[in-house]
Amino acid sequence: MQSTLSTTAMARITAAIAVDGQFISGSPFGSGHINDTYRIELLQEGKQRNYILQRINTAIFKQPDELMENILRVTNHQRHKMAQQHATDIERRCLQFFPTRNGAHFFNDSDGGCWRMCQLIERTRTFDIIASAEQALLTAASFARFQKMLIDLPGPRLHETIPNFHHTASRFTDFEQALQQNRAGRAAACQPDIDFALQRRALAPVLIDLMKSGDIPERITHNDSKLNNILLDESTGEAICIIDLDTVMPGSALYDFGDMVRSASCTAAEDESDLSKVQIDLAMFNALVEGYLSEAAAFLNPVEINHLVFSGKLITFEQGIRFLGDYLNGDTYYKIKYPEHNLVRARNQFKLVASIEAHEPEMEEMVRRISNQNY
Ligand code: ADP
Ligand code: GN1
Ligand code: MG
């Protein structure tokens with residue numbers, strides 16, 4: 001749950017950032033599971049301007065300096081490429097983080113909180129549930145362009161802001177440890193869910209092994225490409241800006257595609273408890289493949305393309321064991337709204353895995369058809 005900040009504290013933290021204007025008000029914003037996000041209104045030369053103030057979750061991101069260094073390199077590169085391509089409205093298409101008045105990348109408060117501020121991108125909204133096939137297509141094309149733009153990021157390898165973030169085998173080990181420790185005494189109440197996970201152990205090392213053998217290349221990827229991490233234009237629906245850049249780091253293109261399948265090919269929310277509503281929507285999946293390959297066919301290799309369907313199943317499974325592991329650990333990672341929230345989320349993800357398993361042949365056929373058109 002978000003620890004709510006007092007107005008005085010919001011004003012004090014905002015004053016530490018090198019953004020001029022008079023503080024009007026601030027309020028909690030968005031539905032992310034990790035950081036504490038606030039919308040801040042400032043009065044600048046008689047006009048109201050809005051910003052996003054975020055407390056970086058340092059229990060999860062242990063090196064906020066490295067994280068901000070990554071984000072600044074990535075956003076500077078994006079801006080540079082957009083300018084080269086004569087893009088319009090670059091200030092709406094790329095996040096811009098403001099330094100503190102001392103020139104630091106984030107502000108450290110007396111409680112150890114790390115705060116950063118960027119522009120609030122107006123007239124956009126995020127979706128927790130996919131609304132249309134067109135939205136799925138635009139979202140997937142936008143994440144593919146994001147990957148493409150970062151292929152030639154100059155300089156050293158980006159920092160791994162969370163080591164082994166999509167190392168599914170290591171996620172599986174974490175899950176087994178949570179199960180064995182059973183810290184919250186909840187294991188007995190979710191035995192069928194635990195069995196579902198244990199029966200699928202063999203999924204975990206597949207992508208990691210293909211990366212180790214060099215069949216799947218390391219790329220710079222977003223790694224948290226869920227639907228609500230993209231801002232869509234309120235009136236046109238256009239994909240305007242990819243946000244939540246904390247996990248942009250070396251990874252596989254399939255991590256991003258897989259997370260899009262997980263979050264945008266099901267027309268129920270990730271925490272829908274009525275499991276009859278949780279299933280793969282093939283029209284949405286088809287649109288994701290169309291949108292993604294319209295941009296990514298130019299740089300993906302055949303092994304990556306052959307694992308698009310698998311990645312959807314894998315990343316959904318990985319998310320399921322992460323939620324279930326957090327439930328078993330007593331909810332130490334994700335923000336929750338009620339005690340069973342993580343269990344509901346895990347069951348939801350496992351239901352989606354089962355639905356993908358039941359439709360794999362049709363999904364593979366869609367990828368074959370669309371990839372043939374794109375080559
Ligand atoms: P978390 O890591 O907690 O998911 P996000 O960076 O995704 O944090 O921010 C949470 C939510 O805040 C987003 O889903 C989005 O709705 C909103 N948001 C974040 N940054 C912006 C921005 N620059 N402009 C508009 N909305 C934003
Ligand atoms: C978290 O930060 P947010 O809410 O966009 C999580 C993702 C999960 C997602 C599940 C850093 O994403 O990995 O897929 O929840 N981010 C982190 O909704 O763990
Ligand atoms: Mg987010």
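Start at 1 with the first residue, then count along the sequence. Every number for a ligand or one of its atoms is a count from 1 in the order of the listing. The figures that follow rest on heavy atoms only: side chains count, while hydrogens, waters and symmetry mates do not.
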How long is the gap from CD on Q349 to OG1 on T316, to the nearest 0.5 Å?
6.0 Å
Rounded at 0.5 Å granularity, tell me how far CZ in R116 sits from CG in L72.
10.0 Å
Taking only heavy atoms of R262 into account, list the atoms of ligand 2 that are under 4.0 Å away from them.
10 (C), 14 (O), 18 (O)
Numbered in order shown, the ligand 2 atoms found under 4.0 Å of a heavy atom of G32 are 4 (O)
Plane angle bin for Y292 and F257 - parallel if under 30°, tilted between 30 and 60°, otherwise perpendicular
tilted
Does this structure show an ion pair linking D36 with K335, if we count only N-O contacts that are shorter than 4.0 Å?
yes
Which of these passes side chain to side chain donor-acceptor pair (under 3.5 Å) with Q54: D244, D246, T37?
T37
Does R219 pair with E304 as a salt bridge, N-O distance under 4.0 Å?
yes
Which residue owns the protein heavy atom closest to atom 2 (O) of ligand 2, what's the atom, and how far is it?
I34 CG1, 3.1 Å
Ligand 2 atoms in contact with F61 (distance to a heavy atom under 4.0 Å):
11 (C)
Atom CD of Q22 with >12 non-hydrogen neighbours under 6.0 angstrom
no
Can I get a per-line list of side-chain donor-acceptor pairs under 3.5 Å for residues 8-16, giving both atom names and the distance, sequence neighbours left out?
{"unit_1": "T14", "atom_1": "OG1", "unit_2": "M10", "atom_2": "O", "d": "2.7"}

What's the atom name of the N, O or S in D244 nearest to the Mg ion (ligand 3)?
OD2
A student checking ligand 2 against Y333 at a 4.0 Å heavy-atom cut-off should list atoms 11 (C), 17 (C), 19 (O)
For N229, atoms of ligand 2 separated by under 4.0 Å from a heavy atom:
5 (O)
Would you check if the Mg ion (ligand 3) lies under 2.8 Å from any N, O or S atom of N228?
no
Of all protein heavy atoms, the one nearest atom 15 (O) of ligand 2 is H33 CD2, 3.3 Å
What are the atoms of ligand 2, with element, lying closer than 4.0 Å to any heavy atom of K226?
3 (P), 4 (O), 5 (O), 9 (C), 10 (C), 12 (O), 15 (O), 18 (O)
With distance as the sole criterion, is a donor-acceptor pair present between the side chains of D152 and H77 under 3.5 Å?
yes
Looking only at distance, does Q319 have an N or O less than 3.5 Å from an N or O of ligand 2?
yes
Atom 10 (C) of ligand 2: nearest protein contact (heavy atom, Å)
E270 OE1, 3.4 Å
Are L207 and F299 connected, step by step, through hydrophobic side chains (Ile, Leu, Val, Met, Phe, Trp, Tyr) whose heavy atoms are closer than 4.5 Å?
yes
Assess R322 for proximity to ligand 2: is some non-hydrogen atom of it under 4.0 Å away?
yes
R201 bridged to E176 by N-O distance under 4.0 Å
yes
I40 vs N50 side-chain heavy atoms within contact, under 4.5 Å
no
Please say whether D224 places an N or O atom under 3.5 Å from an N or O atom belonging to ligand 2.
yes
Is it the case that over 12 heavy atoms from other parts of the model lie below 6.0 angstrom from the CD atom of Q84?
yes
Quiz question: by atom type and distance under 3.5 Å, do the side chains of H159 and E69 form a donor-acceptor pair?
yes
Flag D259 as yes when one of its N or O atoms lies below 3.5 Å from any N or O atom of ligand 2, and as no otherwise.
no
Set of residues that line ligand 1, where lining means a heavy atom lies under 4.0 Å from it:
F29, G30, G32, H33, I34, N35, T37, I52, Q54, L95, C118, Q119, L120, I121, T126, N228, N229, L231, I243, D244
Which ligand 2 atoms does Y334 reach within 4.0 Å, using its non-hydrogen atoms?
15 (O)
